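Contents: one structure, followed by commentary.
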Amino acid sequence: MASLGIATTADGRTALIVAENEERGSRRHDETSGDVLLTRSQDMRSLEELLQAHQVLYAVLEAPAPDIEEAALSDLIGGWREQARRKLKSNRDRARTSEPLDEDFTFLAAYTADDVDAVIERAECLLDDSSATEAAWGDLLRAEVQAADEYLGHRVISLGEVDVSEHGEMPSGGEPRLSVASLGIRFERGAFGGPLPLVERRDG
Amino acid sequence: LYEPPSPEVSFGDVFAGDWFFDAYLRRDAVPLVQFSSKSGAAWRAASPSEERDFLFAHGRQRHAVLLSDDCEIETIMRRGGHRRLVFAAIERLPSAKQEMETALSTRSFRRFPLPPDVGYPGGIVEFQQLFAVATDGVEVTEDDDPRLTRLDAAARLDLEMRWNAYAARRGPLAHVDHAEKLARLLSADGDDERLARLKKGLDLPDPAHLEQAKLVAEALGAAWNIEGAGLNEVSEAYEEGRNPASVRDCLADALADLAARAQRAAAKLGE
């Protein structure tokens, strides 16, 4: 699929203008698909028509296809880098609240607010590296999960102890000679179950 | 022994529910955060924080008896939020008859036996397995009542005495326990060997000393009665705006009885 250029639309999207290949010939020639404007070079209307049709504010068109650096192009067309940045920021914010995180970013919640900055810096460093690949990003996320587990150092404690039954326990000293029932007192009611104390009634 | 729960949640109600666990902390307690996994909602350990409200902890599903007193229950239920009610877990009774009888005969302050009876299969209330439940966990609606039964008045009084003895070493059970020791101490009269035998149950305290100790426990028991029944009567009369005469007279009689019992106990100890 040959790239003809990029354009920024009125709603703020940056779209890549590409020439539609033969396999997709049945699609509309000038349709908008995501952030990609599809068209055939031989069917292209005038530049003016194209810009109006897609509310394009400005466009860069080159022929042959522009030689745009992969990292920059990825950011422009909403590729993995931009998505990764968005997710990183969103999950970092959510890690401080009770909002659910995305699975790949749960490691962020393992760190204290002071220490999470170093993790973010590592991640951003990779995203800023124009030679880094999406696979390298995935590797970093997996490594961070492991590092977070080590940082947290959480270990489940096994009960592992003998649960001594107390069913047979009897106080030393044999059978007691006194009991509540043996007292010459009739117990009818304890302190529980009384009306609210004064302070509660005032509040009420 | 057991009766249907009253409309209001109260001390001595027995609860059960999918959410009733005798939750407790160990050193592996850690906050949990939720995340969206490929197979649905999941949780993982997070760094400690004062803000996070979900926790990895221990606990087993148990029936439980409500131990908060009725005043506190009403207050907590009205205020809600992070406030909680105190429960004790109920362990199942052993299935073997002999073991069950032994379990039910416990005199330990930390345990309160619930014999099997109509309305409840019985169990052992474990004061050493306390936990707390927020109001949503105990709320009763027309469609949902997490209560299984309620201890009757006599059983609630016994539960209160045992809870009082466990939590504060106060109340009639504690009085009797200490009185028993007093009787043995008096009988030993400085004889270390006899005291050792008395402690092991190889000797019995003298009847005269038992009588002295019993009078002490009775005087203290009379005071406990005034604290509970006597003063609650005052509170209820106040609440209802009753004529104070009968309450005043009852209280005066109870205090006179307490004074007489205390004097008798003191006199007997002096003999």
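To find a chain, count down the sequence lines: A is the first, B the second, and so on, and within it residues start at 1. This one's a predicted model, so the numbers in the text were calculated from it and none came from an experiment.
With a 4.5 angstrom heavy-atom cutoff, B/L204 touches chain A only via side-chain atoms. For a residue to count as touching a neighbouring chain, one of its non-hydrogen atoms must lie under 4.5 Å from one of that chain's; by this rule B/L67 touches chain A with the backbone only. Using a 4.5 Å cut-off between heavy atoms, B/S36 contacts chain A through both its backbone and its side chain. Interface remark: A/F187 contributes backbone and side-chain atoms alike to the contact with chain B (heavy atom separation under 4.5 Å). Only the backbone of A/R155 comes within contact range of chain B, with at least one heavy atom under 4.5 Å from a heavy atom of that chain. Heavy atoms of B/H175 lying under 4.5 Å from chain A are absent altogether. Heavy-atom distances place the side chain of B/P205, and not its backbone, under 4.5 Å from chain A.
In terms of heavy-atom pairs under 4.5 angstrom with chain A, the leader among B/R27, B/E233, B/K38, B/M100 is B/K38. With chain B as partner, the option from A/T112, A/D104, A/I157 having the largest number of non-hydrogen pairs under 4.5 angstrom is A/I157.
Under a 3.5 Å cut-off, the side chain of B/E180 and the backbone N or O of A/L178 do form a donor-acceptor pair. The closest donor-acceptor contact from the side chain of B/K214 to the backbone of A/S182 lies under 3.5 Å.
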Evaluate the side-chain contact (heavy atoms from CB on, under 4.5 Å) criterion for residues B/R107 and A/E175: first the C-alpha distance (whole Å), next the side-chain angles of each, then the deciding distance (0.1 Å), finally the verdict. CA-CA 10 Å; B/R107 297 197 307 272; A/E175 286 295 314; 3.6 Å; yes
Decide side-chain contact (heavy atoms from CB on, under 4.5 Å) for A/V156 and B/F56; before the verdict, give the C-alpha distance in whole Å, the side-chain angles of both, and the deciding distance to 0.1 Å. CA-CA 9 Å; A/V156 174; B/F56 175 90; 3.6 Å; yes
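A salt bridge links B/E236 and A/R189; the closest N-O separation between the charged side-chain nitrogens and carboxylate oxygens is under 4.0 Å.
In this structure, A/G190 and B/W224 approach most closely via the heavy-atom pair CA-CH2, 3.9 Å. Residues B/A45 and A/L152 share a closest heavy-atom pair of CB-CD2, 3.3 Å. The minimum heavy-atom distance linking B/N225 with A/R186 is given by the pair ND2-O, 2.9 Å. In this structure, B/A222 and A/I185 approach most closely via the heavy-atom pair N-CD1, 3.2 Å. Scanning both residues, A/A110 and B/S47, for their nearest heavy atoms gives O-CB, 3.0 Å. Scanning all heavy atoms of the two residues, the minimum distance from B/V33 to A/A109 falls at CG2-CB, 3.5 Å.
B/E101 CD: more than 12 foreign heavy atoms inside a 6.0 Å radius. Counting heavy atoms of neighbouring residues, nucleotides and ligands inside a 6.0 Å radius, atom CZ of B/R197 exceeds 12 of them. The neighbour count for A/Q146 CD, taken as heavy atoms of other residues, nucleotides or ligands under 6.0 Å away, does not exceed 12. Around CZ of B/R83, the count of heavy atoms belonging to other residues, nucleotides or ligands within 6.0 Å exceeds 12.
Counting only heavy atoms from C-beta outward, the side chains of B/R44 and A/E103 never approach each other to under 4.5 Å. Looking at heavy atoms from C-beta onward, A/E188 lies out of side-chain contact with B/L157 at the 4.5 angstrom threshold. At a threshold of 4.5 Å between non-hydrogen side-chain atoms, the residues B/W163 and A/F192 count as touching. Within the 4.5 Å cutoff, the side chain of A/H154 has heavy atoms near those of the B/D28 side chain.
To the nearest 0.5 Å, atoms CG (A/D102) and OG (B/S37) are separated by 11.0 Å. Separation of atoms CG (B/L173) and OG (A/S179) is listed at 9.5 Å; rounding is to 0.5 Å. Distance CD/B/Q34 to CG/A/L101: 9.0 Å, rounded to 0.5 Å.
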